[in-house]
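Every chain is numbered from 1 and lettered A, B, ... according to where its sequence line falls, protein lines coming before strand lines.
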Amino acid sequence: MSVSHSEIFDGLNEAQQKAVTTTEGPLLVVAGPGTGKTLTIVRRIAWLVQKGGPPENILAVTFTNRAAREMKERTARLLGDAASGIFIGTFHLLGLRMIREQVSRAFILLNRDEQAEVLKSLMKGTSKAVQQTLERISRIKNFLEEMTNPPQPSFAKGGNVKTAGELKAVYENYQAALEQRGCLDFDDLIRLPVELLQDEAVGRNYRERFRYIIVDEYQDINPAQYRLLRLLTGTSGNLCAVGDSDQAIYSFRGADLGNFLNFEKDFPGAARVTLSQNYRSTGVILQAADGVIRKNQKRIVKQLAATREEGKPVLLISVPDERTEGAVILEEIGTRMGGMDHEGARVNSERTDGPCRFSDFAVIFRTNAQARALEEAFAASGIPFQMVGKPSSVQRKDAEETVAFLRSLLNPGGTGDQPRKTQSNAEALLLTEADFFDPRADAVALMTMHMAKGLEFRFVFIAGCEDGLVPCTIMKDGVDLEEERRLFYVGLTRAKEELFLLQARNRFLYGQSLGQKQSPFLKEIPKELKESRTVADKPKKEKPEDRQLGLF
DNA sequence: ACCATATACATTTTT
DNA sequence: TGTATATGGT
């Protein structure tokens, strides 16, 4: 084949090499942030191909289109044509393909609004009640809830709770309606393949085809995805589970960290490789992050080792309110960008780390409600920024038009004889708003901690490091503190060079003021790693940021 | 059918 | 605080 031994192992450390070459039997790859996880997976795929097996035997699944795209591109770059036979894609794309192969090529995939429309016609109640019922149907389809279970207390507040019997009836009506219209919802893309694989012949077919399975972000799989994998793998199959217990941040949606923690019990004889060499962050950032995450109990412990310099201390900045928070962030960005000449080219960049681009900066926060103040500050400054996960109005329109067009091509009662173009385009329906984030756009990225996973930036600002927000306890009690800590950890470990943690002493959110106390997680960062700065309550008559902002 | 006003309410969300 | 839904008047 086209790829050489040295190309596969070039630049890999020992652990990465082991993760690449341990191909037979179950394998758990514990991959901390910035440890070359994707590189390792890509090289593993190359190794499997180089060993001579058909590329069709390889299945690599991820959660996001973003991750799948990256993996696909890098694999193609390394392997060329040989890469085309490998399945690299999201769980949902895999399910989609299986349904096409086994059931039908012509069906319509319903988005959330369309689901609601279908359900609305089948039940009485407010649209809120419809949403809640939809949520329960989704939980059932993902095996998070039994159909016969009594209603969860968390659903009781809407006042439109269904008994188990009522729910069952609505569920069945809903499914019948989908079937009648030739529709599937997103959950069906996993649920239905799980059902199909129960069939002995179908199961055997796919197990023989997918001899080598790689699953990225294994810590975030939910029960439905777990079942799918189990059915594809069999008991002694070659399942390579890659993930990090410390970055499990989707349990609120049914992701079950237990799958990751118990992998070795679950798959007896499993080998384990830990990738702990970190190539992303400074030593200080890694130690700070470790100081926080080590407080968690539910984890597979690993000690990240820095390969970069120690770096600057983490800067804790206390500001009077959320407006100052934005201003301080802008000021720090301005300082690092230096001035610009008339053409917009940057001048004055004598940093050893190279000149900065706007895209080297990210502002990360816990709740979307915080975005407004920051967005306003950025908009007023003229510094280019993009909200990750929220497409601009132009992008939204684009996406809507594309989806509408694609839908117009699909005939519900189709014979299954769709033109090829339509078939592959239909996969574009799996695209999500997050896929419109353009990493090459030279703009500061603003996003929630959840959206930040998998990304990295030279300079990271975490806004709203206050008790009540980090961890986020203002809305609900009984918050999973460990998950909140992981979320903060994800935020911290996005930073390559400098990390800023901002705390507003007063913050107006949801019509009330918060933020007297700083986040308890800040105390978990060893004090020798941090430096504090306080911006006084009353700024002087001329705000310092005004001068700096004027440049842009 | 429409608009104005009241009132409830609020995390995170890969597909 | 703001939004989104509910209500009440015309």
Roughly, in whole Å, what's the span from NZ in A/Lys128 to P in C/dA4?
11 Å
Mind calculating the distance between CG (A/Asp477) and C1' (B/dA10) to the nearest angstrom?
15 Å
Using OP1 and OP2 only, check whether a side-chain N or O of A/Thr367 sits under 4.0 Å from B/dA10.
no
Please work out which of the three classes, parallel, tilted or perpendicular, describes the rings of A/Phe500 and A/Phe461, given edges at 30° and 60°.
parallel
Does any donor atom in the side chain of A/Thr367 or A/Gln370 lie under 3.5 Å from an acceptor atom in the other side chain?
yes
Whole angstroms only, please: what is the CD-C1' distance between A/Glu135 and B/dT11?
14 Å
Going by atom types alone, do A/Gln115 and A/Glu117 pair a side-chain donor with an acceptor below 3.5 Å?
no
Can you check whether A/Tyr510 has a side-chain N or O nearer than 4.0 Å to OP1 or OP2 of B/dT11?
yes
Taking the six-membered ring for Trp and the full ring for Phe, Tyr or His, determine whether the centres of A/Phe361 and A/Phe457 are under 6.0 Å apart.
no
How would you label the contact of A/Lys453 with the nucleic acid (heavy atoms, under 4.0 Å): base, sugar-phosphate, or nothing?
nothing
As a test of reading the structure: which of C/dG2, B/dT13, B/dT14 is closest to the side chain of A/Asn368, going by heavy atoms?
B/dT13
From CE of A/Met451 across to P of B/dT13 the rounded distance in Å is 7 Å
What is the distance from CG of A/Asp187 to C1' of B/dT14, rounded to the nearest Å?
13 Å
Atom CG of A/Asp220 to atom C1' of B/dT13: distance rounded to whole Å?
11 Å
Checking all strands, does A/Phe91 fall into the base, sugar-phosphate, or nothing category for heavy-atom contacts under 4.0 angstrom?
nothing
From A/Leu197, A/Leu94, A/Leu196, residue fulfilling side chain to side chain contact (heavy atoms under 4.5 Å, CB included) relative to A/Tyr206:
A/Leu197
So, OP1 or OP2 of B/dT14: does either fall under 4.0 Å of a side-chain N or O from A/Arg253?
yes
Should B/dT12 be called syn or anti, with syn set as within 90° of 0?
anti
Could you check how far CZ of A/Arg323 sits from P of C/dT1, rounded to whole Å?
15 Å
Rounding to an integer number of Å, can you tell me how far A/Leu514 CG sits from B/dA10 C1'?
12 Å
When you measure from the side chain of A/Phe252, which nucleotide among C/dA6, B/dC9, B/dT12 comes out closest?
B/dT12
The side chain of A/Arg366 lies closest to which of these nucleotides: B/dT12, C/dA6, C/dT1?
B/dT12
Options B/dT11, C/dT5, B/dT13, nucleotide nearest the side-chain atoms of A/Ser127:
C/dT5
Among B/dT13, B/dT11, B/dT14, find the nucleotide with the atom closest to the side chain of A/Glu484.
B/dT11
